[in-house]
2 protein chains.
Amino acid sequence: MSDDLESPVDLGALGNFAGYHLRRAAVAFAANFANAMQTTKIRQVQFGIMSVIAANPGMNQGTVGRALGIQRANMVTLINELVDRDLVARNGSVGDRRVVSLSLTTAGEAALADCITHIVPHEEAMLAHLDAHEREQLIVLLDRIAAVGA
Amino acid sequence: MSDDLESPVDLGALGNFAGYHLRRAAVAFAANFANAMQTTKIRQVQFGIMSVIAANPGMNQGTVGRALGIQRANMVTLINELVDRDLVARNGSVGDRRVVSLSLTTAGEAALADCITHIVPHEEAMLAHLDAHEREQLIVLLDRIAAVGA
DNA sequence: TATTGTTATACTCTATAACTATA
DNA sequence: TATAGTTATAGAGTATAACAATA
């Protein structure tokens with residue numbers, strides 16, 4: 001029987017790097033997210049895709065992927081899953097016959113709304129110990145970091 | 001020819017969730033880390049393991065893993081790699097003959113130091129747009145989030 | 001030639017179940 | 001019976017190369 005009361009371990013140099021703290025927070029967040037979304041059977045990436053499609057109906061598959069940092073090749077399987085479950089529709093484009101334009105089905109819109117009702121309390125739980133100003137500040141700092149990738 | 005100058009895409013509900021911004025920052029950080037560490041041939045997790053071992057010579061394999069959130073089963077392969085490369089040594093323990101105590105070899109200590117010289121400029125680059133106070137604040141907020149996992 | 005979507009493939013990371021040897 | 005380490009395996013996430021159709 002282990003009590004989860006093991007004394008905290010000295011992490012050495014690791015503990016001084018912001019990247020480590022960022023990773024631990026992101027992993028905790030992702031695990032809690034996955035748990036909150038279990039009943040919806042929709043994963044992190046797929047929710048992201050559906051959210052972008054909802055905000056931009058008819059957007060190209062490639063453009064959606066690029067907005068989320070998902071590679072063309074990996075988009076295919078992800079969209080296939082969503083199409084198989086009748087949440088997303090591939091509607092051949094008008095002008096350029098190479099591109100595929102995406103839209104949510106009625107079921108997809110309902111599923112997206114359902115996801116949001118699951119995500120809101122999850123976010124609230126993860127951010128419980130941050131006040132409103134700290135939450136804003138956090139996003140500002142994270143966005144400045146993410147922007148370095150460009 | 002795509003100029004990387006595609007106009008910013010509306011992410012919908014996704015953009016309002018802190019979890020998304022956290023994930024994007026963590027991904028950017030990890031990618032830059034991997035790039036900075038290319039020549040060392042040591043990955044994120046393995047650096048973490050070596051750092052903990054350096055700070056706690058002789059610590060059990062399981063305890064190291066638990067400190068970093070790595071499962072027993074996955075520790076085996078990770079440590080095997082480090083042992084094969086003569087960076088870590090498995091030294092059977094004294095009292096309990098089930099446990100394996102870990103330590104860095106001389107080569108391992110040199111490799112760890114080399115890693116740090118690569119990581120410091122990487123961290124500096126990723127945090128370039130955050131002043132000293134913001135960097136402290138960021139870690140405080142991230143740790144409060146990571147603590148929710150407990 | 002360049003681009004969109006596609007297929008195939010591979011590597012890393014993570015998670016689970018079952019085994020062994022010790023305790 | 002419980003624990004430390006191990007083995008095997010499977011599912012995601014991500015990355016690259018190559019192809020067809022189209023521009």
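Below, chain A is the first sequence line, B the second, and so on; all start at residue 1.
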Whole-Å gap separating [atom2] ([N]) and [atom1] ([X]):
X: A:Arg66; N: C:dG5; atom1: CZ; atom2: P; result: 8 Å
X: B:Ile79; N: D:dG5; atom1: CD1; atom2: C1'; result: 12 Å
X: B:Leu78; N: D:dG5; atom1: CG; atom2: P; result: 14 Å
X: B:Leu68; N: C:dT14; atom1: CG; atom2: C1'; result: 14 Å
X: B:Gln71; N: D:dA8; atom1: CD; atom2: P; result: 18 Å
X: A:Met75; N: D:dG13; atom1: CE; atom2: C1'; result: 14 Å
X: B:Glu81; N: D:dT6; atom1: CD; atom2: P; result: 14 Å
X: A:Lys41; N: D:dA12; atom1: NZ; atom2: C1'; result: 14 Å

For this session: Please confirm whether any donor atom in the side chain of B:Asn74 sits under 3.5 Å from an acceptor in the base of C:dA15, or the reverse.
Result: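 Under the 3.5 Å cut-off, the side chain and the base do form a donor-acceptor pair.
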
Problem set entry | Polar side-chain contact B:Asp96-D:dA4 base: donor and acceptor under 3.5 Å |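 Answer no: no donor N or O sits under 3.5 Å from an acceptor.
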
Seminar exercise, completed: Taking for A:Thr77 and for A:Ala31 the nucleotide of DNA chain C with the nearest heavy atom, the one nearer the 5' end belongs to A:Thr77

Exercise. Hey, which of these two, A:Thr63 or B:Gln44, hits DNA chain C nearer its 5' end, going by closest nucleotide?
Worked result: A:Thr63

Base, sugar-phosphate alone, or nothing: which one does [X] contact when heavy atoms must sit under 4.0 Å apart?
X: B:Val76; answer: base
X: B:Arg72; answer: base
X: A:Val99; answer: sugar-phosphate
X: B:Gly65; answer: nothing

For this session: Run the salt-bridge test on A:Glu81 and A:Lys41 with the 4.0 Å N-O cut-off and return the result as yes or no.
Result: no

Exercise. Got a salt bridge between B:Glu123 and B:Arg135, using NZ or NE/NH1/NH2 to carboxylate O under 4.0 Å?
Worked result: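 Answer for the salt bridge query: no.
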
Exercise. So does A:Gln61 get a side-chain nitrogen or oxygen closer than 4.0 Å to the phosphate oxygens (OP1/OP2) of C:dT6?
Worked result: yes

Problem set entry | Non-hydrogen atoms of A:Ala55 and B:Leu11 that approach each other most closely |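 What the structure gives for the nearest pair is CB-C, 4.3 Å.
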
Exercise. Quick one: which of C:dA2, C:dG5, C:dA17 gets closest to the side chain of A:Arg98?
Worked result: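 The closest nucleotide is C:dA2.
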
Seminar exercise, completed: Looking only at C:dG5, D:dA12, D:dA23, the nucleotide nearest the A:Arg43 side chain is D:dA12

For this session: Begin from the C-alpha positions of B:Phe29 and B:His122 and carry the test ring-ring contact (aromatic ring centres under 6.0 Å, His included) through to its verdict.
Result: CA-CA 9 Å; B:Phe29 225 104; B:His122 142 74; 5.1 Å; yes

Problem set entry | 5′-ward residue of the pair B:Gly62/B:Arg23 relative to DNA chain D |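 Looking at DNA chain D, the more 5' nearest nucleotide goes with B:Gly62.
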
For this session: For the pair B:Arg23 (side chain) and A:Ala30 (backbone), establish whether a donor and an acceptor sit closer than 3.5 Å, ignoring hydrogens and angles.
Result: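 It does not hold such a pair.
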
